[in-house]
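Inspection log for the structure reproduced underneath, given as C-alpha cells.
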Protein chains: 2
Amino acid sequence: MSFDTAPPPDDTLGRRDRERLARRRAMLDAALGVFGDKGFDGATVDEIAERAEFGKGTLYNYFPGGKDELYLTLFEDVVVGNLHRVLDATLATASFATAGDVRAAYCTFVEGVFVNFETHRPQHMLFMRDGERMMLDPDKAAFFGDLFDRFVERVAAPLDAAIAAGLVRPLPSRPVAHLLMGTVRGYLIADDETRCLPKGRPKPSPFATPGEAASFITSVFFDGLLAQPAVPADPA
Amino acid sequence: MSFDTAPPPDDTLGRRDRERLARRRAMLDAALGVFGDKGFDGATVDEIAERAEFGKGTLYNYFPGGKDELYLTLFEDVVVGNLHRVLDATLATASFATAGDVRAAYCTFVEGVFVNFETHRPQHMLFMRDGERMMLDPDKAAFFGDLFDRFVERVAAPLDAAIAAGLVRPLPSRPVAHLLMGTVRGYLIADDETRCLPKGRPKPSPFATPGEAASFITSVFFDGLLAQPAVPADPA
DNA sequence: ACAAGACGTGACCCATCGGTCACGCGTGTT
DNA sequence: AACACGCGTGACCGATGGGTCACGTCTTGT
C-alpha cells in the first residue's frame, strides 16, 4: 500500500525538509495500513509507530495531535483526495450533447470510484467503517459533513447542466447526487458484508469487474427498473 | 426508547421465568441506549449496567458473553427483527397486477424502513455504524453477512414475480435487491452525515418526511433519471 | 422457624493503550 | 577536535474498561 497523493518532491526544498516529508509519508503510510487492518479503535499508536519503523515519540513529534490527527489527515488527504481525483478525471471534464453522454459520464465516474476502491480497499473501508463512527463527536462530524457535502456538490454540478439541456428529468440535482453517492457507498458496504459469506451461499452481487457493477448501477439509475417504457439504453 | 420486538409475556411461564425475561429486556434496553449514544467501542459495560439499574455482575449472569453477546443479541433481535417486520407488513403481503403496483409496493417498503429509522434512530445507527466494524472479525462477519443475505433474499423475491409477469425489466433480482438495500443504507448514512452541518450550508437532502424521501428514491429507481422516455409515473 | 441454595453485587484485578519526557546519539558548526 | 543542539527514542505513567469472585441477602422448601 502506498500513497499516490503526495505532490512530486519539490527540488527547492532543503534536504532536511525532504527528509521530514519522507518520514511524514512513511508514518501516514503505516497508519493507513494499520487503520485499514484494524479499524480506528482497533489500531494502536504503538503498532503504527512500529510499522513505520520509528519510535512512538518520533511519531508524536510529527503528529502532535496523536491518533486523531493521523486519522483525520489520512482521511482528508488520501480518501477524499482520491475521490476528487477520480471526479477530475471523469465527470469534471465531461461535456454532454446527448442523454447517452450523461449516462456514460456518470457510468465512467462510478466505475472510477469502484476501481479506486479495489485498488485502495483499506483506506476506503476506513472511510466507510470509521467515518460514520466519528459522527459521534460534533467537531469531527462537522469536518466530515463538510468534506462530504463539498464532494456531493461537485457530483451534482454536471447534472444541473444535463437538466438545463433537457437531457435528464428536472429532479433536484443535489439530492440526486446525494443519493448516487449514498448508493455507491451502500453498495460497497453491502458488498463487503457478503465478501466472506458462510456456507456456499451465492453472492448476491455477482459482478466480476468494477465496470460491470458500474454499468449495472448506472442502468438502474438512469433507465429505471420498469419494463413499460422499454428504455432503449443508449450505447456509450 | 423501548423494545417493540418481544413477544407478549407468555402466561404459561412461571413468575421466576417472567422476572428473568423482564430483566433481560431491561438490560438489552439499557444496552441499546448506551450503544446508540456512544457506539460499540465507546460504550462501557459499567454504564450499561448502571442504566439498567443492575450490578455489573448481574449483567454477566444474564449475558455471560459480555459486551459482544449484548451487541449481537440486540442486533439480531431488534434491528434485523424490525426490518423483517417492515417487510412483512409491506412487500411480503403485496400482490402485483400492474407495474404501478410494484412501484407502489417498493415505495411503501422503503418508506416503512425510513419511518422505522426515524422512530428507532439509535438502534439503526448502531447497525449502520458498528455493524461494518464487526466485519473485521471473521466470525462476526459471517453472522452479519448471513443476516443481511437472508434479508436481501426476501426483498428480491417479489421482484422475481414482477419480472416473471413482465412488469419489471429482466434484471437479476438479487443484485437489484442488494442495490436497493445498499441505496437505502447509503442514503441514511449520508443523510446522518449532513445532519449536523457547519455554517449555513443547505442540506443536500431536503426531504421533510420519510414519505418524500421514499418516493424520491423510488422514482429514481423505477423510472430512471433520463428525460427521454418521459416515464408516465403510475400514481399509486 | 430454620437451613440451603440461588442470585444480585460491586470492589477488585489486570491488560491495554494513549500520551510524556528525560536521555543520549549523531550531525553540523566553530 | 570539541562542543552544542536538534531530534529520535522507548521506558514509563495514569486512566480506562472488560471481566471475576467472594460475600451478603432474599426466597423457597421442609
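The sequence lines fix the lettering, A, B, ..., with proteins before strands; numbering per chain opens at 1.
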Name the closest nucleotide to the A:Tyr60 side chain, picking from D:dT20, C:dG19, C:dG8.
C:dG19
Test ring-ring contact (aromatic ring centres under 6.0 Å, His included) applied to [X] - qualifying residues, sequence neighbours left out:
X: A:Phe109; result: none
X: B:Phe54; result: none
X: A:Tyr60; result: none
X: A:Phe63; result: none

What residues form a side-chain hydrogen bond (donor to acceptor under 3.5 Å, both in side chains) with [X], not counting sequence neighbours?
X: B:Asn61; value: none
X: A:Thr108; value: none
X: B:Glu47; value: B:Lys38
X: B:Arg129; value: none

Pair up each side-chain donor or acceptor in residues 136-143 of chain A with any protein partner under 3.5 Å, not counting sequence neighbours, and list the distances.
unit_1   : atom_1 : unit_2   : atom_2 : d
A:Asp137 : OD1    : A:Asp139 : N      : 2.9
A:Lys140 : NZ     : A:Asp68  : OD2    : 3.0

At what angle, to 10 degrees, do the two end axes of the helix from C:dA1-D:dT30 to C:dT30-D:dA1 meet, given five pairs define each axis?
0°
From CG of A:Asp41 across to C1' of D:dG17 the rounded distance in Å is 13 Å
Whole-Å distance, A:Glu50 CD to C:dC17 P, equals 12 Å
Please confirm whether the shortest side-chain N or O distance from B:Arg23 to OP1 or OP2 of C:dC7 is below 4.0 Å.
no
I need a per-nucleotide contact map over nucleotides 9-16 of chain C, read 5' to 3'. Cutoff is protein heavy atoms under 4.0 Å; write B for the base, S for backbone only, - otherwise.
BBB-----
For residues 63-71 of chain A, which residues have at least one heavy atom under 4.0 Å from DNA chain D?
none
Distance flag, aromatic centroids of B:Phe207 and B:Phe216, threshold under 6.0 Å:
yes
